[in-house]
Structure formats: structure tokens, C-alpha cells
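Here is the structure we will look at.
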Amino acid sequence: MIRTAVPADVPEIHRMVCELAEYERALHEVRAGEEQLREALFGERPAAFAHIAEDGSGRIVGFALWFLNFSTWRGVHGIYLEDLYVRPEARGGGHGKALLAELARICVERGYERLEWSVLNWNAPSIAFYEALGARPQDEWTVYRLTDEALKRLGA
């Protein structure tokens, strides 16, 4: 079952963010706490949205956290999927596909023309999963990121 996240889900979403970061070998980079997630998802001006995957017993087994982007070329919004995570014991049960299908449904319903995300180059299982759904890598684009001191220097 896929449902929209509610404020009571924040502690579990935070745990899964940490689980995902550990899987991606980057747990040391997680700085966000539960309150930051709560504000981003449910504050006065939400900047992000989340959906929850539950198993047959109602246990939370995964989540998708996303936000709107905008294509100047197409002139409409799209969804950028920041995190998609299904706990290892629940993988293969259709939860990841159901989460992506829900985001695709939202895109179609609202007239958004893109659903995009990034995947680590070494994450072969996820790449195979995404490609089996019809997603294609955008090899001609390279993601750049400013953080920490470089961001502060440029923004000063």
C-alpha cells in the first residue's frame, strides 16, 4: 500500500534516510534531523513531499521523498525524486515500483512532464530496476554540486 506521508511518519522517514545513507556509504554526510524533515515536509511552506510504502501488516517498509522542479524547455513542472528507499527485507515485493508508479500518476494527473532522479553509478541493482521500468540514463548531463566551503565562498 502506498500513501501520502503524515507528520507521525517523520521519525520512521528519518530512520530510513539514515539506512539509505548507510547503504550508499555516506552515513557520515547525514546532517538533517527529524525536526528539519518535519519542517520541510509539513511546515508552513513545505519544500518537499513524501509517500510511504507499507506491507500487508501496515509496517512501513519504504518511502519516496520528492520535490517539484521546472523545465524551461517544456514550460511545466516535473518531479525530482530525491530519495527512493525500500528496506532490504521488503525488496522484491513491488514497493519500489508502486512508489514510482504513484509519482508517475501524480505527474500525469497534474500535467507534469518529467519524473527524474539520480542513481549512483555503482548501484547496479537499482539501475537494472529503473531500466526495467523504462527509465533511461541521461548520459550527456553531468550533475554538479556546490556545498560546504565552496558554497560559502561563492555566496559571500
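- Minimum heavy-atom separation, F129 to G96: CZ-C, 3.7 Å.
- The structure places CD of E24 at 4.5 Å from CG of L120, a figure rounded to the nearest 0.5 Å.
- Counted within 6.0 Å of CD on E44, heavy atoms from surrounding residues, nucleotides or ligands total 12 or fewer; the atom is thus considered open.
- One finds the CD atom of E102 at 4.5 Å from the NE2 atom of H51 (value rounded to the nearest 0.5 Å).
- Counting heavy atoms from C-beta on, the side chains of V76 and S71 never come closer than 4.5 Å.
- Note on E12 versus R87: salt bridge recorded, some NZ/NE/NH1/NH2 to OD/OE distance being below 4.0 Å.
- Screening D83, I60, V86 for a side chain to side chain contact (heavy atoms under 4.5 Å, CB included) with M16, the sole residue that qualifies is I60.
- Between E19 and Y85, the closest heavy-atom pair is OE1-OH, 3.0 Å.
- Shown here are the salt bridge (Lys or Arg N to Asp or Glu O under 4.0 Å) partners of R59, two or more places apart in sequence or in another chain: D55, E89.
- For A5, the side-chain contact (heavy atoms from CB on, under 4.5 Å) partners are D9, I13, F42, A50, I52, not counting sequence neighbours.
- Nearest heavy-atom pair across M1 and R3 is CE-CD, 3.8 Å.
- Hydrophobic clustering (ILVMFWY, side-chain heavy atoms < 4.5 Å, transitive): L99 and I106 are in one cluster.
- Taking CG of L133 as the start and CD of E131 as the end, the distance is 10.0 Å to the nearest 0.5 Å.
- Following chains of ILVMFWY side-chain contacts shorter than 4.5 Å, one cannot reach L41 starting from W66, and the two form parts of different hydrophobic clusters.
- The minimum heavy-atom distance linking P11 with R38 is given by the pair CD-NH2, 4.5 Å.
- Going from atom CD of E116 over to atom CD1 of I79 covers 11.0 Å, rounded to the nearest 0.5 Å.
- No option in L84, L100, V61 other than V61 meets the side chain to side chain contact (heavy atoms under 4.5 Å, CB included) test with H95.
- Residues L103 and V17 are members of separate hydrophobic clusters, defined by side-chain heavy-atom contacts under 4.5 angstrom among Ile, Leu, Val, Met, Phe, Trp and Tyr.
- Linking Ile, Leu, Val, Met, Phe, Trp and Tyr residues whenever their side-chain heavy atoms come within less than 4.5 Å leaves F49 and F63 in two separate clusters.
- Remark: side-chain polar atoms of E113 are not paired, donor with acceptor, to backbone N or O of G111 under 3.5 angstrom.
- The distance from the OG atom of S118 to the CD atom of E82 is 8.0 Å, given to the nearest 0.5 Å.
- Cation-pi geometry between R91 and Y23 is met: under 6.0 angstrom from the ring centre, within 45 degrees of the axis.
- Between R153 and E149, no side-chain nitrogen of the basic residue sits less than 4.0 Å from a carboxylate oxygen of the acidic one, so the salt-bridge criterion is not met.
- The other members of the hydrophobic cluster of Y80, by chain and number, are F67 (side-chain heavy atoms under 4.5 Å, ILVMFWY only).
- Nearest heavy atom pair, residue P46 against residue G43, reads CD-O, 3.3 Å.
- With rounding to the nearest 0.5 angstrom, the CH2 atom of W141 is 13.0 Å from the CG atom of D139.
- A continuous path of hydrophobic side-chain contacts links I2 to Y130 [ILVMFWY only; heavy atoms under 4.5 Å].
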